[in-house]
Amino acid sequence: MKRQVRSFFAVLCVFAVLMSLPVLAFADNESTAAQNGLEAIKSTGDHRFIQLPKESSYLEEFKTRYVDFRDVLIPTADGQAVQMYGPSAPVERAPSMKGGLQMPFAFEDSMVTVVAEQNKMSCILYRNSNNKLRAGWIRDIYLGDEYLGRTETIGTENTATKGNIAEVPMTWSEKGFLKSPQKYTVLAEPVENCVGFTLEYQIISEGTDKRAALMGPRVVYVNDGTDWVKIGSFEYPDLGTVRVRVNLDEPMKVTAIGTIADCKLPNTFFFRQIASDFATTD
């Protein structure tokens, strides 16, 4: 059983690394673009739910893009247009501009991988709020070429860094940690001798009309398999996505990552967080 778990984890890691690269290839050079793209979609399991791209719509080289609808205007029934806003953009099951059945939303400033383009829409691989890899169709106007969210840094980069793990599969815990009811993210397998990682954080549902009461520092904790270790904090003054480069003072095993909000209403909202780019000393 242990060997089977490690084998399954290894497969997940392969797809995670592929998702993190600017140009992705899911097969060898002899495979066609359609074969590569279809294999990528099937890796999510969502080929059962979405309309697959036309064979001619698959890209020879996948694209890395970011969900960005800052300048998007949505037409209204009276012929006017309003600014699109919110934490996420709709993802459809089919490349239809008229909409229809939807997949889970794609969150603002999150990275996606485009495997096909058709009818002014892109077939993307992306992660939902549970950090599960999904596939679906999104309008091209909801995508940009650069990450435009906020960036923060905790600590100083460790000069002993030698290795990097692009991404590790992770899930939400069932319960809170320390004295907080906030859930945390659990790594599928520990990262040994870790000296840093990038944490992406975003409130996705406010749960109150007192928005100011949700803003404030977020304290980052890392579990080393035995205890929770307080690493530092980053500012969260406004809604939106923030990417935090978290540097650890010394190499440690990382089994889980948690954040606790230092604000007036710390337990009324829902948020997403995912860690990637784990730096190691081996």
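- Counting non-hydrogen atoms of other residues, nucleotides and ligands closer than 6.0 Å to CZ of Phe49 gives a total above 12.
- Under 4.0 Å is where a charged nitrogen must lie from a carboxylate oxygen, and between Glu167 and Arg127 at least one such pair does.
- The heavy-atom pair separating Tyr58 from Lys54 by the smallest distance is CD1-O, 3.5 Å.
- Arg272 and Glu200 are joined by a salt bridge, as a carboxylate oxygen and a charged side-chain nitrogen come within less than 4.0 angstrom of each other.
- If you take CZ on Arg134 and CD1 on Ile124, they are separated by 11.5 Å, rounding to the nearest 0.5 Å.
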Kindly indicate, with the supporting measurements, whether the criterion side chain to side chain contact (heavy atoms under 4.5 Å, CB included) is fulfilled by Leu148 and Asp109.
CA-CA 7 Å; Leu148 299 178; Asp109 289 317; 4.2 Å; yes

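- The environment of Gln83 atom CD is dense: over 12 non-hydrogen atoms of other residues, nucleotides or ligands sit within 6.0 angstrom.
- Here the straight-line distance linking atom OG of Ser57 with atom CE of Met121 works out to 12.0 Å at 0.5 Å rounding.
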Dump the intermediate steps for side chain to side chain contact (heavy atoms under 4.5 Å, CB included) on Tyr236 and Val242, then the final yes or no.
CA-CA 8 Å; Tyr236 195 73; Val242 58; 3.9 Å; yes

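- The side-chain heavy atoms of Thr185 and Ile274, taken from C-beta on, include no pair separated by under 4.5 Å.
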Intermediate values then yes/no, side chain to side chain contact (heavy atoms under 4.5 Å, CB included), Arg245 and Glu157
CA-CA 9 Å; Arg245 187 59 190 176; Glu157 183 179 359; over 6 Å; no

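- When ring centroids are compared, Trp137 and Tyr142 stay outside the 6.0 Å threshold.
- The closest side-chain heavy-atom distance from Ile203 to Met215 is below 4.5 Å.
- Using a 30° and 60° split on the angle between ring planes, Tyr221 and Phe177 fall in the perpendicular class, above 60°.
- Contact between Thr259 and Phe271 at its shortest, heavy atoms only, is OG1-CE1, 3.6 Å.
- Counting heavy atoms from C-beta on, the side chains of Gln118 and Cys123 never come closer than 4.5 Å.
- Summarising the geometry of Val168 relative to Ala188, their closest heavy-atom pair is CG1-N, 4.2 Å, with the distance given to 0.1 Å.
- Distance check: Asn164 CG to Phe278 CZ gives 9.5 Å after rounding to the nearest 0.5 Å.
- For the atom pair CG (Asn223) and CD1 (Ile257), the distance works out to 10.0 Å, reported to the nearest 0.5 Å.
- Remark: Arg218 is not positioned above the aromatic ring of Tyr201, lacking an NZ or CZ atom under 6.0 angstrom from the ring centre and at most 45 degrees off the axis.
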